[in-house]
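Right, one structure below, let's go through it.
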Amino acid sequence: MAAVKKKRWPYVLGGILVLLIAIVAVVLWRLDAILLKTARDQAATYSQKLGRPIEIGDVSTKLFPYVGARIQNVTVGPAEGEELPLAEVKDVTVSVAAMPLITSKGKDIRVRDAEVSGLTVNVIRLPDGTTNVQRLQEKLAEQQPKEQTPEEESQPTDLSGVHVERAALTNGTIRFVDRAAGAQARELAVKDLDIEVKDLRVGQPLKVDLAAAVLAEKQNLKMTLAAAPLPATLIPTPEQVTLKAEHIDLSPLGPFLPPDVGLRAGTLDADWKADLGGAVPGGKGPTKLVGVIKALGMKFAGSEGGKALDVVLDTDVTGDLATGDLALDKLKLDLGPAAITGKGKVKGLLTDKPAVEGFELVGRNLDPAVLAEYYPPLRKQLNGMIAGPIGLDVRGSGTQDAQALNIAVDLTPVRLRVPDQLTKEAGGAMKLNAKVTGAAASGGALHFDAKADLNGVDLRPGLLVNKAPGQRLEVAAAGTYAPAKTGSGMTVNVTNMSLGALEDTVTGNATVALAGTGKKATTTFKANVKAARLDAEKLLMSEEEVLARTGGKPPPEPPVEANRFNGYRGDIQFAIASLRYTAMDMSNVTGVVKMVDDLITVEKFSTGIYGGKVVADGTTIRLGPAPEARPFTAKVQVQGLEVAQALAARTPKQVLTGKFNGNVDVQGVGYTPEKLQQTLLGGINGNLLEGTFLGKDLVSSVTGPLAKALPFAKALKSGDVTSLGGDLPFSVTIKNGVAQLSKPITWTRPEAAMSFDGGIGLDGTLNLTGGVSLTPATIKALTVGKVTPTEAIPVGVKLGGKAWSPDVTGVDVKPAATTILKLAGASVAGNLLGEKGKAVQDIITGGQDKAKAEAEAKRQELEARANEEKKRLEDQARAEQEKAKQRAEEEAKKKLRGIFGGK
C-alpha cells in the first residue's frame with residue numbers, strides 16, 4: 001500500500017499543476033476580455049469628445065516572467081467630411097519584469113521593451129483649405145474650460161525606480177494628402193520614421209535618435225539629442241543636439257502648413273552640431289555651435305516679384321556663460337539681403353581680467369520691412385510696428401590693462417509704431433551706446449556703462465508721459481550685473497543713473513536682485529533718487545489731453561491680477577528740492593517708501609506746500625486690488641498751511657483764508673468722490689488761525705432782515721466776509737461722506753458772537769445750524785443810537801448750499817425785533833415820565849428775557865431738526881447697507897444651490 005501511495009503523488013501533483021494552469025488561463029482570458037471592454041468603453045467616450053471614431057482591435061496580456069500588454073490595430077478614424085483616418089497604429093507592446101515589480105511592491109519598474117510600430121498619421125488638406133489636424137486642434141480647444149485656475153506647485157515625482165531598457169517608435173509614416181486640388185489629389189509622406197531610446201534610468205546619460213525619410217525613398221533626416229545623466233525626476237538636461245538633412249525639398253509641404261505661412265518652394269540642408277553646456281537651465285560647461293544650416297530658394301505667397309529668400313547659418317562659435325568667454329571663429333547669418341557677421345574672441349568678461357582679441361559683431365541691412373518683401377507673413381506679425389535699417393555694431397577695444405566691449409544700436413533711421421506705447425518717425429534720434437567690462441571690485445561681476453538718446457521718441461500714445469518728438473529724453477546708467485551663483489536669478493547694482501526728461505533731471509542709484517522661480521520668485525530692490533526740480537505736471541499727460549487722444553472716452557483699465565506684486569520687497573528714498581504736481585508746488589520733498597508685496601507704506605514723508613509743511617509718516621495703500629477697491633489709510637500732520645492756496649484749485653470760488661495747524665487721520669477704499677462718500681472714515685482736528693469765511697458776511701445776513709423789521713433801523717454796511725477770529729479750534733468726524741463737527745465751533749467778534757454745529761459734505765455742501773448774537777454796540781449802530789441793550793441779542797440762522805456760495809436760511813428776526821422794539825419803547829417811556837417811567841421801563845424791558853428765551857428756543861428747534869435729519873440719513877445708510885448684505889447673502893445661497901444641484 002505504501003508503494004502504491006508513493007506512485008500516486010506525481011499524478012496528484014500533476015493534476016494540481018494542470019488545474020492551476022487552467023485557472024491561470026481562464027483568468028488571463030477573462031482579464032484580456034475585461035481590459036478590452038474597458039479600453040473600448042474609454043475609446044467610445046473620447047470618440048464623442050473628438051467627433052472621431054476610435055477603435056481598438058485587441059488587447060492581450062502576459063503576467064510571467066514579464067508583465068506585459070499588447071494592443072493591436074488602434075485607429076482614430078475620420079471626422080465628418082473626411083475619408084481617411086487621422087491615425088492608425090498596428091502594434092503597441094510593453095513588457096515589465098514581474099519579480100522586481102512584485103517584490104518591490106511596484107517601486108522597482110524595469111521596462112524591458114516599449115515599442116510602437118506601424119504608426120501612420122494622415123494629414124489631409126481638405127477642399128476648403130483647412131487640414132484635419134487644424135480641425136482636431138479646434139475640437140480640443142472647445143474641450144478646454146473657459147477659465148483655468150493655476151495649478152499649485154507640487155514636489156517633483158521621484159522616478160528613481162524606473163528603468164527602461166528600450167523605448168522605440170519604428171516604421172512610422174506621416175502621409176500628407178492634398179484634396180484641395182480636386183480630382184488630382186497629391187500624396188507625399190515622411191516614411192521610415194524611427195525614434196529610439198535605450199537604457200533610460202537615473203544616473204545614466206540619455207540619448208534619443210531620430211531618423212526619417214522626408215519626401216524621399218531613403219532616410220535623409222537624422223537628429224540626435226544627448227542629455228546629462230538623468231536625475232531622480234528623469235527630466236533631462238540637454239547637452240548636445242546634432243542635425244543632418246540631405247537636400248530636403250520643402251515645396252510639397254507648403255499646402256499642409258498653416259495658410260498664413262504660404263510656403264511655395266525651398267530646400268533644406270543641414271550638418272550642424274550644438275554642445276549646449278551652460279546655455280540651458282541646469283547645464284554646465286562651455287557652449288559650442290559648429291556647422292551649417294541652409295534653407296535656400298524659400299518662396300512665399302505674396303512675396304514681391306516672387307523674390308526667393310536664402311537663409312544660411314554658418315557657425316563655429318564657443319562660449320562659456322560662467323566665465324564670460326566667447327570665441328567667434330566663424331559666425332555668419334544671411335537673411336536674404338540682411339546679414340549678421342562676427343569674429344574675434346572675448347575671454348574672462350565676467351572675471352577681473354577680461355581680454356578682447358579683435359572682436360566684431362556687425363549687422364547689415366537689418367530692415368524688417370525689407371525682409372517682409374521676401375517673407376510676407378512677417379508683415380502681418382510686425383503689423384507696421386517697425387520699418388527701416390537697424391544699426392548693430394559690437395566691437396572689442398582697449399589696451400591690455402583696460403579692455404572692453406562697445407555696443408552701439410542705432411534706430412534713428414527706423415520708423416516705430418508700438419501700439420499704446422510709443423511712436424517714432426524715421427530720422428528721429430534713438431540710439432543706445434554701452435560699454436561692458438569685467439569688474440574686479442564687484443567680485444567678478446560684469447560692469448556696464450550705458451547711455452540712451454530717445455529724443456526722437458513720442459511717448460504720448462501710452463497716455464501717461466507727455467513727451468513729444470524732439471523733446472529731451474536721455475537715460476544713462478552705470479553699474480554691475482552678476483548672475484546668481486546657484487540657481488536662477490541675478491543682481492543688478494546701478495551705482496549711478498540719471499534721467500533727463502524735458503527740462504528736468506533725476507539722478508540716483510539702485511539695486512535689484514531677482515531670485516527663485518514661479519510662486520517663489522522674489523524681487524528685492526532699493527533705490528535712492530534726487531532732483532533739483534521736477535515738473536511732473538508737464539511730464540505727465542493731463543486728463544483733458546488723454547480724453548482728446550481717446551475721442552472723449554476714458555482709456556480702458558488693464559486687467560488686474562491681485563497677486564501680481566507678490567514677492568516684491570524693497571524701499572525707495574527720494575529728495576526733490578522743487579516738485580510741481582497736479583497744480584501743487586512743493587518744496588523740499590523728502591521721504592522713504594517701503595513695499596512688501598502689494599502693501600505700500602510711507603515710512604517718512606515731508607514737504608513744504610501752500611506756505612506750510614505737511615508730514616505723512618505712516619500712510620499706507622494696497623496696490624493689488626483694482627483702483628476702485630484699493631484700501632488706504634492717510635495720516636497727515638499739517639503746520640502753517642495757507643488754506644486759501646490749498647482750496648484755490650479745488651473750489652470754483654475762494655471759500656476760506658487763514659492758516660491751518662492740525663492732523664488728518666482717515667481711511668477709505670477707492671479714490672473717486674462717489675467711492676469716498678461711501679467708504680471714507682476718520683477725523684480732522686486742529687486750529688484755524690486768523691481765518692476769514694469769504695463770500696458771506698454772517699452779521700450782515702442777520703442785521704439786514706432785522707433792519708427791515710424795525711421802523712427806525714438803518715442797515716449796516718456789508719463786507720461780504722466773516723472774520724473767524726484769531727484762533728478757531730475745531731474737530732470733525734468723517735462718516736458716510738459727511739464731515740460732522742464733533743462739537744460746535746464758536747468765536748467772538750466785536751460785532752457778534754457766533755456758534756454753529758452740523759456738517760460739511762465731501763462735495764462742499766454745508767449743513768450748519770447755529771446763531772449770531774449781536775453785541776449791544778451792533779444793536780446801537782443798527783438802531784441809530786435809539787436802543788442800547790445791556791447784553792447781546794441772539795438770532796437763529798442756518799447755512800446751506802455750497803461752501804463757496806452759501807445760502808443763509810432760517811433767519812428768524814421776530815424775537816430779536818420784538819426785544820429791540822420793547823427796549824426802544826422803554827427808553828421813550830423813561831425819557832417822558834422821568835422817575836415814574838422807570839417802573840414802566842422795567843416792565844417793558846422784562847420782555848428782553850422773553851425774547852432771548854424765544855431766540856434760544858428757536859435755535860434749539862433748528863438744532864433738533866438738524867439732528868433729526870442727520871439721524872434720518874444715518875438710518876437710511878444703515879438700511880441700504882443691510883439690504884446690500886441681504887442681497888449678497890441671497891446671491892451666495894443661489895450660487896451654492898447651483899453648485900450642489902439644489903432648487
Side-chain angles (χ1 to χ4, degrees), residues 608-615 636-648 650-651 653-665 683-704 706 716-734 739-760 764 766-782 788-799 802-806 808 811 855 859 863:
I609 184 172
Y610 299 134
K613 182 178 180 181
V614 171
V615 176
V636 182
Q637 299 175 358
V638 181
Q639 187 71 31
L641 185 78
E642 290 286 355
V643 177
Q645 295 182 30
L647 296 178
R650 292 159 181 81
T651 57
K653 295 168 59 178
Q654 284 191 326
V655 180
L656 203 63
T657 66
K659 290 190 176 184
F660 171 60
N661 298 328
N663 300 304
V664 179
D665 192 346
I684 303 173
N685 62 80
N687 296 70
L688 182 64
L689 305 179
E690 302 297 336
T692 302
F693 180 52
L694 305 177
K696 191 67 65 175
D697 181 355
L698 296 180
V699 175
S700 297
S701 299
V702 170
T703 59
L706 183 58
L716 300 180
K717 185 178 179 180
S718 172
D720 292 331
V721 299
T722 301
S723 175
L724 301 178
D727 186 354
L728 178 63
F730 69 94
S731 175
V732 299
T733 300
I734 300 174
Q740 193 74 28
L741 287 167
S742 303
K743 60 181 180 179
I745 53 172
T746 60
W747 70 97
T748 301
R749 302 298 299 152
E751 301 86 2
M754 285 164 271
S755 176
F756 286 91
D757 197 5
I760 304 174
L766 299 175
N767 185 16
L768 298 174
T769 302
V772 177
S773 296
L774 301 174
T775 63
T778 301
I779 298 298
K780 181 178 181 181
L782 180 69
T788 304
T790 57
E791 56 187 26
I793 296 178
V795 178
V797 68
K798 184 175 181 180
L799 288 179
K802 299 298 183 182
W804 49 88
S805 183
V808 178
V811 179
R859 188 186 68 81
E863 286 185 358

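The structure presented is a predicted model; accordingly, all values stated were derived computationally and were not measured.
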Side chain proximity check, W747 to T722, heavy atoms < 4.5 angstrom: yes
Any residue meeting side-chain hydrogen bond (donor to acceptor under 3.5 Å, both in side chains) with N687, in chain and number order, not counting sequence neighbours: D727
Any residue meeting salt bridge (charged side-chain N to carboxylate O under 4.0 Å, His left out) with K802, in chain and number order, not counting sequence neighbours: D763
Results of salt bridge (charged side-chain N to carboxylate O under 4.0 Å, His left out) for K696 - residues two or more places apart only: none
Side-chain donor-acceptor distances from residues 775-782 under 3.5 Å, at least two apart:
residue: T775; atom: OG1; partner: P750; partner atom: O; Å: 2.9
residue: T775; atom: OG1; partner: E751; partner atom: O; Å: 3.2
residue: T775; atom: OG1; partner: T778; partner atom: N; Å: 3.4
residue: T775; atom: OG1; partner: T778; partner atom: OG1; Å: 3.0
residue: T778; atom: OG1; partner: E751; partner atom: O; Å: 2.6

Distance-minimising heavy-atom pair for R749 and S723: NE-OG, 3.2 Å
4.5 Å side-chain heavy-atom contact, N661 and V638: no
Any side-chain heavy-atom pair of K798 and N767 under 4.5 Å: yes
V772 side chain reached by V811 side chain, heavy atoms, under 4.5 Å: no
Listed partners of A648 passing side-chain contact (heavy atoms from CB on, under 4.5 Å), at least two apart: none
Those residues that, when tested against I760, pass side-chain contact (heavy atoms from CB on, under 4.5 Å) (two or more places apart): L766
Rounded distance [0.5 Å steps], OG1 in T746 versus CG in L724: 11.5 Å
V732: partners by side-chain contact (heavy atoms from CB on, under 4.5 Å), with sequence neighbours left out: I684, F730, A739, L741
Test item: L656 and F693 side chains (from C-beta on) under 4.5 Å apart, heavy atoms: yes
Side chains of L706 and L774 in contact at under 4.5 Å (non-hydrogen atoms): yes
For T733, all residues meeting side-chain hydrogen bond (donor to acceptor under 3.5 Å, both in side chains), sequence neighbours excluded: S742
Listed partners of N685 passing side-chain hydrogen bond (donor to acceptor under 3.5 Å, both in side chains), at least two apart: none
Residues in salt bridge (charged side-chain N to carboxylate O under 4.0 Å, His left out) contact with E690, at least two apart in sequence or another chain: none
Partners passing side-chain contact (heavy atoms from CB on, under 4.5 Å) against T651 (at least two apart in sequence or in another chain): L647, V655, W804
Q654, CD: over 12 other non-hydrogen atoms inside 6.0 angstrom: no
side-chain hydrogen bond (donor to acceptor under 3.5 Å, both in side chains) involving S701 - partner list, sequence neighbours excluded: none
